[in-house]
Amino acid sequence: MRNDNLKSYLNLHLIVFIWGFTAILGALITIDAENLVWYRMLIAMIFLGGFIAFKKQSFQVPIKEFFKLIFVGLLIALHWIFFFKAIHVSNVSITLSIFSLGAFFASLLEPLFYGRKVLWYEVLFGLVIIAGLGLILQVEIKYLSGVYYALAAIILGVLFTLMNGKLISDHEPSVITFYEFGAGVFFITIYFLFQGKFNADFFQMSLNNWVLLLILASICTAYAFTASVKVMQRLTPYTVMLTTNLEPVYGIVLAYFILGGKEKMSVEFYIGAVIIIITVILNGVFKHYQNKKENL
């Protein structure tokens with residue numbers, strides 16, 4: 001059992017590393033953010049469909065749940081569009097430093113979804129995070145538009161994650177995600193049809209872009225998702241939460257060494273990013289011990 005848990009823990013770090021690499025791919029793929037998301041969701045949906053068929057799982061979901069999945073799929077599509085837009089107008093480091101706020105935003109929105117009170121330490125940590133964010137903006141004001149896109153992306157991400165938490169508890173995660181990706185493709189397709197974007201140029205991409213898109217959709221989306229669900233069945237939510245907070249760290253370090261140049265930020269930026277990441281981790285630690293105390 002211990003070896004299984006160790007294997008799951010190492011797999012979780014690999015998955016988080018892959019998630020961090022997603023931002024690098026977003027910076028390297030040279031097409032518009034909405035085009036990138038359309039291809040990503042379409043290809044990942046095909047991979048997931050093949051996985052579901054291989055596992056002989058049922059594609060059926062109740063009609064009521066189906067309409068919820070359509071709405072969540074729209075949120076996911078918008079989340080990824082804003083995410084890649086943030087990378088394109090700023091850089092990976094700025095985007096991921098803002099993305100580290102995700103767990104904190106989730107703790108603030110949980111009371112609205114689950115009817116609990118806001119905890120004192122969440123307010124305190126919120127003020128510290130604002131200070132860290134202020135330090136970043138003070139020295140990196142030229143990337144302000146990227147910060148706005150990243151904030152929009154993370155808020156949408158928290159919303160669909162909280163909604164998915166309820167849906168996945170009742171249905172097979174791979175099937176849920178299959179329909180959500182399909183809904184995302186549907187909504188973006190409707191938008192593209194009105195914009196007249198489906199032309200010869202839309203489908204003409206460099207070999208490099210095609211290869212990176214396949215890696216993004218298969219390894220960083222379809223594989224990472226299905227593998228993360230399996231890992232989460234063996235590890236505690238606390239372990240998973242603390243480890244996934246390393247995603248911005250992996251991404252920022254990878255960006256520094258792979259992309260260089262534009263990703264080399266000021267000392268103040270890294271101080272602000274460290275303040276935010278440590279505070280988010282502390283928030284998780286406090287929440288863990290608070291839950292243990294309540295269960296005694």
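Heavy atoms only: backbone and side chains are in, while hydrogens, waters and symmetry mates are out. It should be emphasised that the depicted structure is a prediction, and the values quoted were computed from it without experimental measurement.
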Enquirer: Under the side-chain contact (heavy atoms from CB on, under 4.5 Å) criterion, do Tyr191 and Phe186 qualify, and how do the steps go?
Expert: CA-CA 9 Å; Tyr191 169 73; Phe186 172 77; over 6 Å; no

Enquirer: Can the ring centroids of Tyr223 and Phe51 be said to lie less than 6.0 angstrom from one another?
Expert: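 Centroid distance Tyr223-Phe51: not below 6.0 Å, so no.
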
Enquirer: Can you list, pair by pair, the side-chain donor-acceptor contacts under 3.5 Å of residues 54-64, counting residues two or more places apart and other chains?
Expert:
residue : atom : partner : partner atom : Å
Gln57   : OE1  : Ser174  : OG           : 2.9
Ser58   : OG   : Gln60   : N            : 3.1

Enquirer: Could you tell me whether Asp32 and Lys85 make a salt bridge, using a distance below 4.0 angstrom between a side-chain N and a carboxylate O?
Expert: no

Enquirer: Could you tell me which non-hydrogen atom of Val37 sits nearest to which non-hydrogen atom of Ala77, and how far apart they are?
Expert: CG1-O, 3.9 Å

Enquirer: Quick check, are the ring centers of Phe187 and Trp38 under 6.0 angstrom apart?
Expert: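 Phe187 vs Trp38: aromatic centres not under 6.0 Å.
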
Enquirer: Return each pair, listed once, that meets side-chain hydrogen bond (donor to acceptor under 3.5 Å, both in side chains) where at least one residue sits in residues 248-258; pairs must be two or more places apart or across chains.
Expert: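 Listed once each, the pairs are His13-Tyr250.
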
Enquirer: Run the side-chain donor-acceptor check on residues 205-217: report pairs under 3.5 Å with partners two or more places apart or on a different chain.
Expert:
residue : atom : partner : partner atom : Å
Ser206  : OG   : Asn209  : N            : 3.2
Asn209  : OD1  : Thr30   : N            : 3.1
Asn209  : OD1  : Thr30   : OG1          : 3.4
Asn209  : ND2  : Thr30   : OG1          : 3.0

Enquirer: Provide the closest heavy-atom pair for Ala86 versus Ala150 in the form atom of the first, atom of the second, distance.
Expert: CB-N, 3.7 Å

Enquirer: Would you say Phe192 has more than 12 foreign heavy atoms packed within less than 6.0 Å of its CZ?
Expert: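 Correct, the count exceeds 12.
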
Enquirer: Sequence neighbours left out, cut at 3.5 Å: what donor-acceptor pairs do the side chains of residues 40-49 make with other protein atoms?
Expert:
residue : atom : partner : partner atom : Å
Arg40   : NE   : Thr221  : OG1          : 2.8
Arg40   : NH2  : Thr221  : OG1          : 3.1

Enquirer: Kindly indicate whether the side chain of Tyr270, heavy atoms from C-beta on, has any atom under 4.5 Å from the side chain of Ile252.
Expert: yes

Enquirer: How far does CG of Asn91 sit from CD1 of Ile87, to the nearest 0.5 angstrom?
Expert: 9.0 Å

Enquirer: For the atom pair CG (Leu156) and CZ (Phe83), what is the distance rounded to the nearest 0.5 Å?
Expert: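 Between atom CG of Leu156 and atom CZ of Phe83 there are 13.5 Å.
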
Enquirer: Looking at residues at least two apart in the chain, or sitting in another chain, which of them share a side chain to side chain donor-acceptor pair (under 3.5 Å) with Ser145?
Expert: none

Enquirer: Just wondering, are more than 12 heavy atoms of other shown residues or ligands nearer than 6.0 Å to OH in Tyr149?
Expert: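 Not buried by this count: 12 neighbours or fewer within 6.0 Å.
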
Enquirer: Can you confirm whether more than 12 heavy atoms, excluding those of Phe203, are under 6.0 Å from its CZ atom?
Expert: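 Buried by this count: over 12 neighbours within 6.0 Å.
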
Enquirer: Please check if the number of heavy atoms outside Phe198 that lie under 6.0 Å from its CZ is greater than 12.
Expert: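 Yes, because the 6.0 Å sphere around CZ of Phe198 holds more than 12 heavy atoms from other groups.
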
Enquirer: Any side-chain heavy atom of Asn35 within less than 4.5 Å of one from Ile188?
Expert: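 Counting from C-beta outward, Asn35 and Ile188 never come under 4.5 Å.
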
Enquirer: Specify the closest pair of heavy atoms between Ile52 and Val175, including all atoms of both residues, with the distance to one decimal.
Expert: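 The answer is CD1-CA, 3.8 Å.
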
Enquirer: Within a reach of under 6.0 Å around CZ of Phe17, are more than 12 heavy atoms found that belong to other residues, nucleotides or ligands?
Expert: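 12 or below, so no.
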
Enquirer: Measuring only between side-chain heavy atoms, which start at C-beta, is Thr189 closer than 4.5 Å to Leu193?
Expert: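 A side-chain contact exists here, since the closest heavy-atom pair is under 4.5 Å.
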
Enquirer: Grab the two heavy atoms, one from Cys220 and one from Trp19, that are nearest each other, plus how far apart they are.
Expert: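 For Cys220 versus Trp19, the nearest heavy atoms are O-CD1, 4.1 Å.
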
Enquirer: Under a 4.5 Å cut-off applied to non-hydrogen side-chain atoms, are Tyr148 and Val89 in contact?
Expert: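 No, side chains not in contact.
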
Enquirer: Could you state the interatomic distance from CD (Glu180) to CG (Leu69), rounded to the nearest 0.5 Å?
Expert: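 Reported value, rounded in 0.5 Å steps: 5.5 Å.
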
Enquirer: Is there side-chain contact between Ile18 and Leu14, with heavy atoms separated by less than 4.5 Å?
Expert: yes

Enquirer: Taking all heavy atoms of Leu254 and all of Gly20, pick out the closest pair and write down the distance.
Expert: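 For Leu254 and Gly20, the tightest heavy-atom pair comes out as CD1-C, 4.4 Å.
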
Enquirer: Determine whether Val158 and Ile155 make a side-chain contact, defined as any pair of heavy atoms from C-beta on separated by less than 4.5 Å.
Expert: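 The answer is no, as the side chains (C-beta and beyond) never meet within the 4.5 Å cut-off.
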
Enquirer: Any chance you could lay out the side-chain contact (heavy atoms from CB on, under 4.5 Å) test for Thr95 and Ser90, step after step, and finish with the verdict?
Expert: CA-CA 7 Å; Thr95 303; Ser90 59; 3.7 Å; yes

Enquirer: Apply ring-ring contact (aromatic ring centres under 6.0 Å, His included) to His79 and list each qualifying residue two or more places apart in sequence or on a separate chain.
Expert: Phe99, Phe160

Enquirer: Any chance you could measure Glu34, atom CD, to Phe82, atom CZ, to the nearest 0.5 Å?
Expert: 10.5 Å

Enquirer: Hey, does the side chain of His88 reach the backbone of Gly146 with a donor-acceptor pair shorter than 3.5 angstrom?
Expert: no

Enquirer: Testing the basics here: between Ala23 and Val92, what is the closest heavy-atom pair and its distance to 0.1 Å?
Expert: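 Nearest pair, atom of Ala23 first, then Val92: O-CG2, 3.5 Å.
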
